[in-house]
There are 2 protein chains.
Amino acid sequence: MTSTPTLTKNQDLVLGVLKRSDAPLSAYVILDKLRDNGFRAPLQVYRALDKLLEKGLIHRLESLNAFVACAHSGESCCSHGTVAFAICNACGHVMEFHDHTVDHRLADWTKARGFKPEKTTIEIRGLCASCAA
Amino acid sequence: MTSTPTLTKNQDLVLGVLKRSDAPLSAYVILDKLRDNGFRAPLQVYRALDKLLEKGLIHRLESLNAFVACAHSGESCCSHGTVAFAICNACGHVMEFHDHTVDHRLADWTKARGFKPEKTTIEIRGLCASCAA
DNA sequence: TACAATTATGTAATGTTATTACATATGTTG
DNA sequence: CAACATATGTAATAACATTACATAATTGTA
Ligand SMILES: [Zn+2]
Ligand SMILES: [Zn+2]
Ligand SMILES: [Zn+2]
Ligand SMILES: [Zn+2]
């Protein structure tokens with residue numbers, strides 16, 4: 001009941017956990033956080049994550065095997081192209097952004113070779129301004 | 001003895017397997033392929049992979065949890081910036097490329113925010129020209 | 001050569017991430 | 001209600017990766 005309707009109970013619980021977190025969470029960490037809400041098995045988490053990914057409400061960070069709430073929930077964040085992430089290796093903070101030029105360059109490359117893109121991952125691992133200081 | 005010197009026996013075996021493969025391989029698949037060469041445990045593979053990554057002879061594909069031989073081995077492929085991959089979801093074929101403009105755009109973004117990049121992942125999953133036809 | 005230091009290897013056990021299979025429940029539609 | 005689709009609960013297993021500890025090979029140097 002904390003977020004957007006059209007979500008089932010489990011989906012809403014998982015999304016809530018991700019929204020309240022300031023760093024990406026693995027499926028098993030989410031599971032632990034939801035034990036008190038009746039979660040018992042990984043599949044309960046993975047099923048909710050799958051639906052939330054479909055709806056564009058969360059993202060999977062491939063280089064971390066972890067998940068974050070979309071930083072632009074509600075709007076067209078993911079409808080205007082590929083999303084990129086800058087991920088701090090020290091504090092775990094994630095910045096989500098979008099760059100049209102990058103999108104276009106990658107689209108040009110694939111188009112020139114007849115490659116049909118389905119999903120693009122851009123993840124920059126490093127140190128955020130605070131942690132690098 | 002099949003490839004570049006300065007490699008140990010295990011490193012050379014693992015690199016050989018990756019070079020002969022036309023698709024990315026997981027660590028456990030590599031292990032299976034090297035049973036006849038005395039490999040018994042995952043760690044033998046992971047240790048060799050770590051060293052090969054350090055030397056820039058292979059790449060890890062984060063979205064697949066798998067590894068490929070560098071397409072530009074020998075030269076400065078990885079010294080001239082971030083490498084990107086187009087990965088076919090149907091046949092597994094991987095194309096490795098580099099785009100200066102993409103690099104610069106991402107560098108501009110991070111620099112503007114004081115983020116210090118350490119490793120950047122760019123992976124485009126989709127269908128190669130052959131498979132999309 | 002002898003020795004110490006470093007690097008590489010072998011093996012077992014364990015930890016982490018993700019899926020398959022099957023049963024039950026809930027909601028929607030005609 | 002019946003039929004269908006969607007969501008959930010649970011157990012077991014598969015796939016990916018690391019820790020811990022012991023041994024061997026290599027390298028540098030007194
Ligand atoms: Zn988003
Ligand atoms: Zn940080
Ligand atoms: Zn390369
Ligand atoms: Zn293909």
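In what follows, every chain begins at residue 1, and chains take the letters A, B, ... in the order their sequences are listed.
Dashed line: the shortest gap from a side-chain N or O of Q44(B) to OP1 or OP2 of dG10(C) is under 4.0 Å. Residue N65(B) has a polar side-chain atom (N or O) positioned under 4.0 Å from OP1 or OP2 of dA17(D). Within the structure, a side-chain polar atom (N or O) of K51(A) is placed less than 4.0 Å from OP1 or OP2 of dA7(D). Listed pair S26(B) / dC16(D) meets the phosphate criterion, a side-chain N or O lying under 4.0 Å from OP1 or OP2. Contact check, R60(A) against dA18(C): a side-chain N or O comes under 4.0 Å of OP1 or OP2. Close to dT7(C), at under 4.0 Å from its OP1 or OP2, lies no side-chain N or O of T8(B).
In this structure, D108(A) does not pair ionically with K111(A), as no charged nitrogen and carboxylate oxygen lie closer than 4.0 Å. Salt bridge annotation for D12(B)-K9(B): absent, with no cationic side-chain nitrogen under 4.0 angstrom from a carboxylate oxygen. Residues E118(B) and K116(B) are not paired through a salt bridge, judged by the lack of any N-O separation under 4.0 Å between the basic side chain and the carboxylate.
A distance of 6.0 Å or more separates the ring centres of H59(A) and F67(A).
With hydrogens and angles left out, the side-chain atoms of T121(A) and R125(B) include no donor and acceptor closer than 3.5 Å.
Overall, the helix from dT1(C)-dA30(D) to dG30(C)-dC1(D) carries an axis bend of 30° between its ends, with five pairs at each end and the value rounded to 10°.
In this structure, Y28(A) forms no aromatic stack with the base of dT16(C), since the conditions of centre separation below 5.5 Å and plane angle below 30° are not both met.
Distance CG (L25(A)) to C1' (dT16(C)): 15 Å, rounded to an integer number of Å. Whole-Å rounding puts the L52(B) CG to dA8(C) C1' distance at 13 Å. Spacing between atom CG of L49(B) and atom C1' of dA8(C) amounts to 15 Å, rounded to whole angstrom units. In this structure, the CG atom of L43(B) is 16 Å from the P atom of dC16(D), given to the nearest Å.
Distances were taken from every side-chain heavy atom of N10(A) (C-beta onward) to each of dG9(D), dA18(C), dT9(C); the shortest belongs to dG9(D). The side chain of A41(A) lies closest to dT10(D), out of dT10(D), dT19(C), dT9(C).
D99(A) is linked by a side-chain hydrogen bond (donor to acceptor under 3.5 Å, both in side chains) to R105(B), counting only residues two or more places apart in sequence or in another chain.
The nearest heavy atom of DNA chain C to F67(A) and to A48(B) marks one nucleotide each, and the one closer to the 5' end goes with A48(B).
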